[in-house]
Amino acid sequence: MSDAGNQSCLIGAEDAVSFLVCVFHALEEWAGLGQVEDYLSVLEYLLWVFTPLAIVFILPFLIVILLYLSILFLHVYKRKNQLREAYSNNLWDGARKTLATLWDGHGAIWHGYEIYGMEKIPDKGPALIVYYHGAIPIDYYYFLANVIIQKGRTCHSVADHFLFKIPGFKLLLEVFSVIHGPQEECVRALKSGHLLGISPGGVREALFSDETYPLLWGKRKGFAQVAIDSKVPVIPMFTQNVREGFRSLGTLRFFRWVYERFRFPAAPVYGGFPVKFRTFLGDPIPYDPNINATELAEKVSEPKLQFFFFFPSTLNN
């Protein structure tokens with residue numbers, strides 16, 4: 001409405017209601033409120049476009065929330081059972097079994113989780129489990145839960161140093177026997193008769209591997225030397241579709257530069273898609289005193305093993 005139109009409207013108003021209507025229209029045009037509907041339509045469209053994108057970045061945080069809920073449960077359990085600590089050598093058994101049941105239930109409901117070859121994990125005695133590291137190693141959490149439930153034992157694990165710096169994680173790492181990985185400590189755990197899980201690719205493989213599942217082990221052979229020094233078998237492990245469940249933006253050069261420069265895993269992880277997870281355990285590679293660490297590392301990652309084991313879908317479709 002033009003200024004002349006506004007003036008004629010105000011002059012021609014016969015009563016108070018007509019006058020107020022005229023004033024409202026004049027203010028609406030002066031403030032540009034007539035375009036609000038157009039703005040709202042644009043915002044609605046942007047919300048429709050970006051909501052799925054926001055969801056795929058929010059879902060991975062649900063796993064972090066579950067981890068913190070597990071930690072909270074452990075603290076409550078600890079306080080409740082503090083009087084029993086002096087009389088029990090297995091204070092945390094009940095807590096571990098409870099959390100294992102919860103995580104196993106999560107895997108069964110959200111990912112239809114299945115594990116093949118569990119009989120290859122010894123009921124007693126040591127073994128080194130070598131696994132492919134997904135963007136989020138949630139499949140390994142499910143595996144640990146199954147070891148506790150089916151085998152009645154705890155599998156020790158090797159984790160990156162940064163995990164020990166996350167606020168609140170200390171108790172969780174202690175209860176589930178997570179270590180930061182010096183070879184001497186790994187050998188000590190195996191010689192004590194424990195299972196030990198390790199991913200040679202570690203954080204680098206988690207962030208920078210992709211849906212083709214390349215092994216980013218580089219020249220790492222410390223795990224092989226640990227197996228030789230401990231004289232234990234090596235059991236390879238891989239979970240089908242783990243990269244379809246969670247993915248990383250680590251393929252972008254900026255995040256790769258940040259990690260290489262500061263050793264900080266800044267690459268965002270997205271996903272949480274409810275895809276089918278199947279974990280496959282390979283045949284144990286027995287201790288052989290006649291091979292060195294380099295040869296054992298190559299044997300674990302040899303092309304034949306990668307094809308039939310790291311791509312088991314060819315055998316199960």
ask   = What pairs with Y140 under side chain to side chain donor-acceptor pair (under 3.5 Å), at least two apart in sequence or on another chain?
value = S157
ask   = Just checking, R263 and Y259: is the charged tip under 6.0 Å from the six-membered ring centre and within 45° of the axis?
value = yes
Salt bridge (Lys or Arg N to Asp or Glu O under 4.0 Å) pairs, two or more places apart, involving residues 136-162 = D123-K151
query = Does the side chain of F208 reach to within under 4.5 Å of the side chain of P214, using non-hydrogen atoms?
reply = no
request  = Mind checking the CD1-CD1 spacing from I121 to I235? Nearest 0.5 Å is all I need.
outcome  = 4.0 Å
ask   = Any salt bridge between D283 and K120, counting N to O under 4.0 Å?
value = yes
ask   = What distance separates Y131 OH from T239 OG1, expressed to the nearest 0.5 Å?
value = 10.5 Å
key: Shared hydrophobic cluster, F264 / F169 (ILVMFWY, side-chain heavy atoms < 4.5 Å)   = yes
Can I get a per-line list of side-chain donor-acceptor pairs under 3.5 Å for residues 186-194, giving both atom names and the distance, sequence neighbours left out?
{"unit_1": "S192", "atom_1": "OG", "unit_2": "R188", "atom_2": "O", "d": "2.8"}
{"unit_1": "H194", "atom_1": "ND1", "unit_2": "H156", "atom_2": "NE2", "d": "3.4"}

message = Assigning hydrophobic clusters by single linkage (Ile, Leu, Val, Met, Phe, Trp, Tyr; side-chain heavy-atom cutoff under 4.5 Å), is F162 placed with I136?
response = yes
query = Taking only residues two or more places apart in sequence or in another chain, which ones pass side chain to side chain donor-acceptor pair (under 3.5 Å) with D229?
reply = Q225
query = Got a sec, which residues hit ring pair (Phe, Tyr, Trp, His ring centres under 6.0 Å) with F61, two or more places apart in sequence or on another chain?
reply = none
With P200, the side chain to side chain contact (heavy atoms under 4.5 Å, CB included) member among L215, V158, V130 = V130
Heavy-atom side-chain contact between I228 and E295 under 4.5 Å = no
Identified ring pair (Phe, Tyr, Trp, His ring centres under 6.0 Å) partner of F238 from the options Y116, Y213, F143 = Y213
remark   = Rounded to the nearest 0.5 angstrom, the CD1-OG distance for I129 and S199 is 12.5 Å
query = When rounded to the nearest 0.5 angstrom, what distance separates CG in L59 from CD1 in I65?
reply = 10.0 Å
inquiry  = Is there a path of hydrophobic side-chain contacts, each under 4.5 Å between heavy atoms of I/L/V/M/F/W/Y residues, joining L252 to L216?
reply    = yes
key: Heavy-atom closest pair, residues F277 and V242   = CE2-CA, 3.8 Å
note = Residues at least two apart in sequence or cross-chain that pass side chain to side chain donor-acceptor pair (under 3.5 Å) with N241, listed by chain then number, are none
message = Quick check: do I138 and F246 have side-chain heavy atoms less than 4.5 Å from each other?
response = yes
ask   = So K299 and V234, side chain to side chain contact (heavy atoms under 4.5 Å, CB included) or not? Walk me through it.
value = CA-CA 10 Å; K299 191 173 183 179; V234 177; over 6 Å; no
query = L74 and I149: same hydrophobic cluster, using ILVMFWY side-chain contacts below 4.5 Å?
reply = no
message = Can you give me the closest heavy-atom contact between A224 and L296, atom names plus distance?
response = O-CD2, 3.6 Å
request  = Could you tell me which residues satisfy salt bridge (Lys or Arg N to Asp or Glu O under 4.0 Å) with K231, sequence neighbours excluded, listed by chain and number?
outcome  = none
request  = Check the hydrophobic clustering (I, L, V, M, F, W, Y; side-chain heavy atoms under 4.5 Å; chains of links allowed) and say if I58 and V275 are grouped together.
outcome  = no
task = Report the distance from atom CG of D104 to atom OH of Y142, rounding to the nearest 0.5 Å.
result = 9.5 Å
inquiry  = If I compare all heavy atoms of Y113 with all of T279, which pair ends up nearest, and what's the gap?
reply    = OH-OG1, 2.7 Å
P122 to P126 - nearest heavy-atom pair and separation = CG-O, 4.3 Å
ask   = Is there a side-chain contact between S230 and L128 (heavy atoms, below 4.5 Å)?
value = no
task = Rounded to the nearest 0.5 Å, what's the gap from CZ on F73 to CG on L171? Could you check?
result = 11.0 Å
task = Please report the shortest heavy-atom distance between A159 and V178, naming the atom on each side.
result = CB-CG1, 3.5 Å
ask   = Can you find a heavy atom in the side chain of D210 that is under 4.5 Å from one in the side chain of R243?
value = no
remark   = Taken in chain and number order and not counting sequence neighbours, the residues that satisfy salt bridge (Lys or Arg N to Asp or Glu O under 4.0 Å) with K276 are E114
query = H111: what forms a side chain to side chain donor-acceptor pair (under 3.5 Å) with it, not counting sequence neighbours?
reply = none
ask   = Can you pull the side-chain hydrogen bond (donor to acceptor under 3.5 Å, both in side chains) pairs that have at least one residue in residues 60-73, sequence neighbours excluded?
value = S70-W103
request  = With the side chain counted from C-beta on, respond yes when W92 and T154 share a heavy-atom pair under 4.5 Å apart, and no when they do not.
outcome  = no
request  = Write out all pairs satisfying salt bridge (Lys or Arg N to Asp or Glu O under 4.0 Å) with one or both partners inside residues 196-209, taking only residues at least two apart or from two chains.
outcome  = R204-E260
query = side-chain hydrogen bond (donor to acceptor under 3.5 Å, both in side chains): which pairs involve residues 164-186, sequence neighbours left out?
reply = none
inquiry  = For a quick test of reading the model, state the closest non-hydrogen atom pair linking P233 to P284 and the distance between them.
reply    = CB-CB, 4.2 Å
task = With side chain to side chain contact (heavy atoms under 4.5 Å, CB included) as the test, would you mind laying out the steps for F176 and I148 before giving the verdict?
result = CA-CA 10 Å; F176 286 91; I148 293 173; 3.8 Å; yes
inquiry  = Using the ring centroid of each side chain, check whether Y132 and W217 are separated by less than 6.0 Å.
reply    = no
task = Start with the C-alpha distance between F223 and V300, add both sets of side-chain angles, then the distance that settles side chain to side chain contact (heavy atoms under 4.5 Å, CB included), and finish with yes or no.
result = CA-CA 10 Å; F223 74 95; V300 174; 4.2 Å; yes
